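Note that the coordinates shown come from a computational prediction; the quantities given were computed from them, not determined experimentally. Residue numbers run from 1 in the order of the sequence given.
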Amino acid sequence: MALLLLVAAGTEAEAGLTICNKAKRAARVALGRFDGISWVSEGWWNIAPGACAALVKSPLDARYYYLYGTDGAAGVWDGDTAFCTSSKDKFAIVGRAGCERRGYDRNRFFRIDTGDSLDKVQTLQ
């Protein structure tokens with residue numbers, strides 16, 4: 001029984017969404033997702049070159065998550081789905097519409113397909 005609990009605890013601790021930065025410059029990333037009630041965007045995580053950061057530290061409960069990243073220069077990781085972001089160091093914004101009207105920036109995030117996995121590692125290159 002103790003071994004079963006130890007294995008289950010280890011699996012849950014490893015579950016979630018991790019972003020690894022394989023680029024040569026530090027990445028600043030924001031996450032967009034549906035929390036079961038509303039669309040939410042949150043950020044910023046700063047990820048050094050060669051490092052990883054756990055953005056979601058619990059088992060994944062959605063198939064799709066969305067990510068936007070920049071290296072502060074020419075490097076941008078973006079896509080087709082708009083979310084609101086803020087220039088502040090940390091933010092959590094409910095809703096995807098009317099970003100500018102509400103005093104936020106609007107960025108285009110790329111979709112991460114997690115399939116049926118409880119955990120996913122996404123690499124930025």
Side-chain angles (χ1 to χ4, degrees):
M1 181 70 164
L3 181 59
L4 180 61
L5 290 175
L6 187 60
V7 170
T11 302
E12 185 170 325
E14 295 170 6
L17 178 63
T18 300
I19 308 299
C20 293
N21 180 9
K22 301 296 182 189
K24 294 182 182 188
R25 296 177 57 106
R28 187 175 188 213
V29 300
L31 177 70
R33 62 178 162 165
F34 188 74
D35 69 4
I37 299 169
S38 303
W39 287 100
V40 177
S41 55
E42 47 193 329
W44 294 98
W45 286 267
N46 294 304
I47 309 173
C52 297
L55 275 58
V56 178
K57 297 178 181 178
S58 58
L60 301 178
D61 58 4
R63 179 169 180 180
Y64 300 113
Y65 290 81
Y66 298 84
L67 192 74
Y68 172 81
T70 180
D71 68 6
V76 175
W77 297 272
D78 61 359
D80 297 327
T81 306
F83 282 91
C84 302
T85 60
S86 174
S87 58
K88 295 180 181 179
D89 287 340
K90 295 289 179 196
F91 68 88
I93 302 169
V94 176
R96 295 174 40 199
C99 300
E100 294 88 355
R101 179 177 40 81
R102 297 189 293 149
Y104 300 119
D105 299 318
R106 183 175 178 261
N107 292 101
R108 297 188 96 41
F109 288 51
F110 71 89
R111 184 172 71 181
I112 299 170
D113 186 347
T114 66
D116 293 328
S117 296
L118 296 177
D119 62 276
K120 172 81 174 175
V121 175
Q122 179 70 44
T123 302
L124 302 176
Q125 297 185 4

For [X] and [Y], work out which heavy atoms get closest and say how close.
X: Thr114; Y: Lys120; answer: CG2-CB, 4.1 Å
X: Ala27; Y: Asn21; answer: N-ND2, 3.3 Å
X: Ala23; Y: Pro49; answer: O-CB, 3.4 Å
X: Tyr65; Y: Leu31; answer: CB-CD1, 4.2 Å
X: Asp119; Y: Ala15; answer: CB-CA, 3.6 Å
X: Cys52; Y: Thr18; answer: CB-CG2, 3.8 Å

Students should find that the hydrophobic cluster of Ile37, defined by side-chain heavy atoms under 4.5 Å apart, otherwise consists of none
Checklist entry - Taking the inter-plane angle between the rings of Phe83 and Tyr66 on a 0 to 90° scale, is it parallel (under 30°), tilted (30 to 60°) or perpendicular (over 60°)? => result tilted
Q | Whether Phe91 and Trp44 hold their rings parallel, tilted or perpendicular, with breakpoints at 30° and 60° | A | perpendicular
| Where the side chain of Ser41 meets the backbone of Thr85, is there a donor-acceptor pair that is under 3.5 Å apart? | no
Value for CG (Asp105) from OG (Ser86), rounded to nearest 0.5 Å, stands at 7.0 Å
Output for pair (Cys20 SG, Ile47 CD1), nearest 0.5 Å, gives 7.5 Å
Would you say [X] and [Y] make side-chain contact, with heavy atoms under 4.5 Å?
X: Trp45; Y: Leu67; answer: no
X: Arg33; Y: Val56; answer: yes
X: Leu124; Y: Val29; answer: yes
X: Asn107; Y: Asp78; answer: no
X: Arg96; Y: Thr81; answer: yes
X: Ile93; Y: Arg102; answer: yes

Is it the case that one hydrophobic cluster holds both [X] and [Y], taking links as side-chain heavy atoms less than 4.5 Å apart, direct or via other members?
X: Phe109; Y: Val94; value: no
X: Phe110; Y: Leu55; value: yes
X: Val121; Y: Leu60; value: no

inquiry  = How about NZ on Lys88, more than 12 heavy atoms from neighbouring residues, nucleotides or ligands closer than 6.0 Å, or not?
reply    = no
Taking NZ, NE, NH1 and NH2 as the nitrogens, is one of them in Arg63 or Asp113 under 4.0 Å from a carboxylate oxygen of the other?
-> yes
Between Asp71 and the options Lys24, Lys22, Arg25, Arg28, the salt bridge (charged side-chain N to carboxylate O under 4.0 Å, His left out) test singles out Arg25
